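Following: one structure in structure tokens, then a few remarks.
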Amino acid sequence: MRKISILLAAVLAFSSVRADEGMWMLPTLKKMNQADMKKLGLKIKTSDIYNEKKASIKDAVVHFGGGCTAEIISEKGLLVTNHHCGYSSIQGLSTPEHNYLEDGYWAMSLEEEIPVPGLTVTFLQSMTDITGMKQDKVDKLMAKMREENHDCQVQITDFYNGNQRYIIVNKVYRDVRFVGAPPASAGKFGGETDNWMWPRHTCDFSMFRVYTGPDGEPADYSEENIPLRPKQFLSISLKGIEEGDFAMIMGYPGRTQRFQTAAQLEQMMEVQDVRIAARTARQDVMWQGMRSNDTIGLQYANKYASSANGWKKWQGMRECFENLDVIGRQRQKEADFMAWVNAKPKRQAKYGNVIDVIEENVKKNTEYNLRNSVFSESLGNIELLRIAQMNDADRESFYRNYSPSLDRDITKAMVKFYTDNASPKDSLDLSLLNIDNIFIYSAYTSPERLASFDGQDLSLDPAKELNDRFSAARRRINASYSYEAAALRDSASNLFTAGLMEWTKGAKSYPDANSTCRLTYGTVQGYTTKEGKHYDFYTNMKGVIDKEDPTNYEFRVPARQKELYQKRDFGQYAGPDGEVPTCFITNLDITGGNSGSPVMDAEGNLIGLAFDGNWEAMSGDVIFEPELQRCICVDIRYVLWMMDKFGGASYLLDEMNIVK
């Protein structure tokens, strides 16, 4: 009896998902989550959130650029997302003469909105469960859906490591234009120092507009296109928030690892340690170059931000894995699972060696993963060698954000890193390598220099010769990869997940994030660290002023913001304390890809934008930490204050439905 009680307790500990945990699938909200959401304070129906037959909140939430989330906030296709989500687009539109990234920008009419080449937004149309369906029926259904949705993407997506499958229909819009954003000193206030940290005061937002052809359907950019008339857009609440208020987020979380084994997690951490070390070396050189020259600062802004975000996240994960005993807890879960498996011969026959098979085949590729990471994060980041392999069109675009002098300095750092860290199997004799001469004599350091070599044979260019040497090392590394081990690992992972689902059958569950649309819900809530330090649930603009450090690039405050603050020119956006709220935290379950997601109140009104997680729970992609894990959100009142009072784009308010 005692053994049964222990097993039951283990199952309950694993399967009792709290209301603030879960990246829930939209089609199952009514069945799985509606009752809990109502208890927490939801005032609308789940059919108002996800509905394939009529307009619902899902029709106002988009996958922005394939890596973030955004939401439609007007009947004219205006959307809002994070500043860091629009960052690469804004950087791409900027020049030293018109530096929208540093200075900010606001279009004062539709004519001043700037087309963003290559940027798309994707609207979810439907999700159809085909789990267990015979392939011939799947094929017929796919053909039918493609015929009915000729202007959409129709694809099959796996969930639960392949144990569930859905047909997902999406509509992609290809004409997206930049409307406005604050300067980087506000939109990226705090920089990497404050990244993943609370308290926070970042005005992390940017605005774009979706356009369609005259027929209202997706179209490539044309002057004849018109603003999107959306099925649904979000109303915006200025009522404010209190601790304990219901909150929910819809968005496109990227990847989590909540169905992986301890062996898989250990390998992930080993690889991330290599990446942290390599990026530290590269980013130190890059940052120095960026801050010494404004043009280089603009050219490399997005490159640095893209590298640094993962770099800091992985450091936080390492710290939390140790502080919260993540691997130990995962091994205990596996032990509890195996106790359940071994309780019945039938389960033992099916799942008895599944964890061992995963571990065995993970280890077979561990050396490859480490060797590959050392190479790709160092020698694989030498831009000159990449330029030498590009076609003319790609090369022309790349030169726009390229500095040969900074690339030369980074190359020196990366060659040293590789020499110090490469496996003996991948060693290269680089002792006589003269990096300065490569950059002096290569034809590929600038478009002007390359043009001067027109018609000449460049097969012996020093950049090409060096790339050939490095490519030989890369081929040796690639040859060590075991496709058989990877296939066995994936098959065993599928079976392990099936076992976990059987173990917890009847309990509410959700699959790992995979860049499909999900919902998470909970409450506005502060937290107390393991050391006993309590953090309140909100910050305000006074904190921006208090944090200012004019000598630190990351903590500059725009002069106009300080002027408006001193005048107390807050308009309708001040909170009860007389200050403009800047950010708040909720206990919602998010990860990368949720950036820009709408944070909504109990009535589905927009109250903020999700943009970060907190340092104390950086292992949250693996294990949700209900007492510690928080989603950091920029308050919509700060967003609108920055747009209206600071940016002077008050005309945009006329498009919005403001709830007071």
Side-chain angles (χ1 to χ4, degrees), residues 71 73 80-83 181-182 185-190 194 197-207 234-249 522-527 534-548 555 557-558 560-588 590 595-603 605-614 630-647 650 652-653 656 658-660:
E71 47 276 4
I73 55 172
V80 62
T81 187
N82 286 155
H83 185 270
S185 51
K188 203 170 172 58
F189 182 76
D194 271 6
M197 297 293 182
W198 180 259
R200 199 69 168 274
H201 303 82
T202 312
C203 197
D204 198 346
F205 85 100
S206 55
M207 289 185 178
L234 299 184
S235 296
I236 296 172
S237 174
L238 298 184
K239 294 179 180 180
I241 54 174
E242 297 292 338
E243 190 158 26
D245 283 355
F246 177 88
M248 61 181 174
I249 285 174
T523 58
V524 175
Q525 196 173 116
Y527 68 102
H534 181 73
Y535 287 110
D536 208 345
F537 71 93
Y538 75 100
T539 59
N540 58 39
M541 204 189 299
K542 183 178 184 301
V544 177
I545 304 303
D546 291 344
K547 274 187 175 180
E548 182 191 18
F555 290 94
V557 177
R560 176 161 173 75
Q561 183 170 4
K562 290 189 287 185
E563 177 187 343
L564 291 169
Y565 183 81
Q566 290 165 359
K567 292 179 178 178
R568 312 296 288 178
D569 189 357
F570 301 152
Q572 61 184 328
Y573 309 112
D577 60 359
E579 299 282 348
V580 175
T582 51
C583 299
F584 63 94
I585 50 177
T586 66
N587 59 8
L588 306 185
I590 67 161
S595 291
S597 292
V599 189
M600 296 168 281
D601 64 15
E603 297 176 330
N605 299 314
L606 186 65
I607 56 174
L609 281 65
F611 73 93
D612 216 349
N614 62 314
R630 295 295 180 266
C631 166
I632 302 175
C633 317
V634 58
D635 195 299
I636 197 63
R637 290 169 289 181
Y638 192 25
V639 169
L640 294 187
W641 179 87
M642 187 65 69
M643 178 200 78
D644 177 7
K645 292 292 184 175
F646 180 92
S650 56
L652 291 171
L653 293 171
M656 304 173 190
I658 305 294
V659 179
K660 298 182 182 180

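Only a predicted model underlies this, so the values are computations on that prediction, with no experimental measurement involved.
In this view, Asp569 and Lys645 satisfy the salt bridge (Lys or Arg N to Asp or Glu O under 4.0 Å) rule, not counting sequence neighbours. The salt bridge (Lys or Arg N to Asp or Glu O under 4.0 Å) test applied to Asp194 returns Lys547, not counting sequence neighbours. Applying the salt bridge (Lys or Arg N to Asp or Glu O under 4.0 Å) criterion to Asp635, with sequence neighbours excluded, gives Arg637. Here Gln561 pairs with Tyr638 under the side-chain hydrogen bond (donor to acceptor under 3.5 Å, both in side chains) rule; sequence neighbours left out. With sequence neighbours excluded, the residues that form a side-chain hydrogen bond (donor to acceptor under 3.5 Å, both in side chains) with Asn614 are Glu616. The side-chain hydrogen bond (donor to acceptor under 3.5 Å, both in side chains) check on Thr523 picks up Gln525, Asn587, with sequence neighbours excluded. Every residue meeting the ring pair (Phe, Tyr, Trp, His ring centres under 6.0 Å) condition with Phe189, not counting sequence neighbours, appears here in chain and number order: Phe555. Under the rule for a salt bridge (Lys or Arg N to Asp or Glu O under 4.0 Å), the partners of Lys567 that lie at least two apart in sequence or sit in another chain are Glu563. Not counting sequence neighbours, the partners of Met197 by the side chain to side chain contact (heavy atoms under 4.5 Å, CB included) test are Lys312, Trp615. Listed by chain and number, the residues in a side-chain hydrogen bond (donor to acceptor under 3.5 Å, both in side chains) with Thr202 are Arg200 (sequence neighbours excluded).
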Quick one: side chains of residues 242-249, donor-acceptor pairs under 3.5 Å with protein atoms, not counting sequence neighbours, listed by atom name and distance.
from   : atom 1 : to     : atom 2 : distance (Å)
Glu243 : OE2    : Gly526 : N      : 2.8
Asp245 : OD2    : Glu242 : N      : 2.8

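The closest side-chain heavy-atom distance from Ile607 to Met600 is not below 4.5 Å. Within the 4.5 Å cutoff, side-chain heavy atoms of Met643 are placed close to those of Leu653. By the 4.5 Å heavy-atom criterion applied to side chains, Cys583 and Tyr538 are not counted as neighbours. Taking 4.5 Å as the limit, every side-chain heavy atom of Met541 sits out of range of all side-chain heavy atoms of His201. Phe537 places a side-chain heavy atom less than 4.5 Å from the side chain of Ile241. Side chains of Phe205 and Asn82 form no contact here, defined as non-hydrogen atoms less than 4.5 Å apart. Between Trp641 and Cys203, every side-chain heavy-atom pair lies at or beyond the 4.5 Å cut-off. Here the side chains of Leu609 and Val80 are in contact, with some heavy-atom distance below 4.5 Å.
Considering every non-hydrogen atom in both Glu548 and Lys562, the closest pair reads OE2-NZ, 2.8 Å. The two residues Asp204 and Phe611 come nearest to each other via the heavy atoms OD2-CD1, 3.4 Å. Of all the heavy atoms in Ile632 and Gly613, the pair that sits closest is CD1-O, 3.4 Å. Minimum heavy-atom separation, Cys631 to Ile590: SG-CD1, 3.5 Å. Across every non-hydrogen atom of Ser206 and Ala181, the tightest pair is CB-CB, 3.8 Å. Nearest heavy atoms, Pro581 versus Ala574: CD-C, 4.4 Å.
Atoms SG and CG, on Cys633 and Leu588 in that order, are 6.5 Å from each other to the nearest 0.5 Å. Rounding to the nearest 0.5 Å places CG of Leu564 at 9.0 Å from CE of Met642. Rounding to the nearest 0.5 angstrom, the gap separating the OG atom in Ser235 from the CE atom in Met656 is 11.5 Å. Atom CD1 of Ile636 is separated from atom CG of Leu238 by 8.5 Å, given to the nearest 0.5 angstrom.
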One pair to check against side chain to side chain contact (heavy atoms under 4.5 Å, CB included): Phe584 and Val599. What are the steps and the verdict?
CA-CA 10 Å; Phe584 63 94; Val599 189; 4.0 Å; yes
Going through the checks in order, is the side chain to side chain contact (heavy atoms under 4.5 Å, CB included) test met by Leu640 and Gln572?
CA-CA 10 Å; Leu640 294 187; Gln572 61 184 328; over 6 Å; no
Could you walk me through whether Leu606 and Ile73 pass the side chain to side chain contact (heavy atoms under 4.5 Å, CB included) test, one step at a time?
CA-CA 9 Å; Leu606 186 65; Ile73 55 172; 3.8 Å; yes
Can Val659 and Ile236 be said to form a side chain to side chain contact (heavy atoms under 4.5 Å, CB included), step by step?
CA-CA 6 Å; Val659 179; Ile236 296 172; over 6 Å; no
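Aromatic rings from Tyr527 and Tyr535 are positioned such that their centres are separated by under 6.0 Å.
Counting only distance, with no hydrogens or angles, the side chain of Ser597 and the backbone of Ala610 share no donor-acceptor pair below 3.5 Å. Listed for the Thr582 side chain is a donor-acceptor partner under 3.5 Å among the backbone atoms of Thr539.
Pairs passing the salt bridge (charged side-chain N to carboxylate O under 4.0 Å, His left out) check and including a residue from residues 575-584, sequence neighbours excluded, read Arg568-Glu579.
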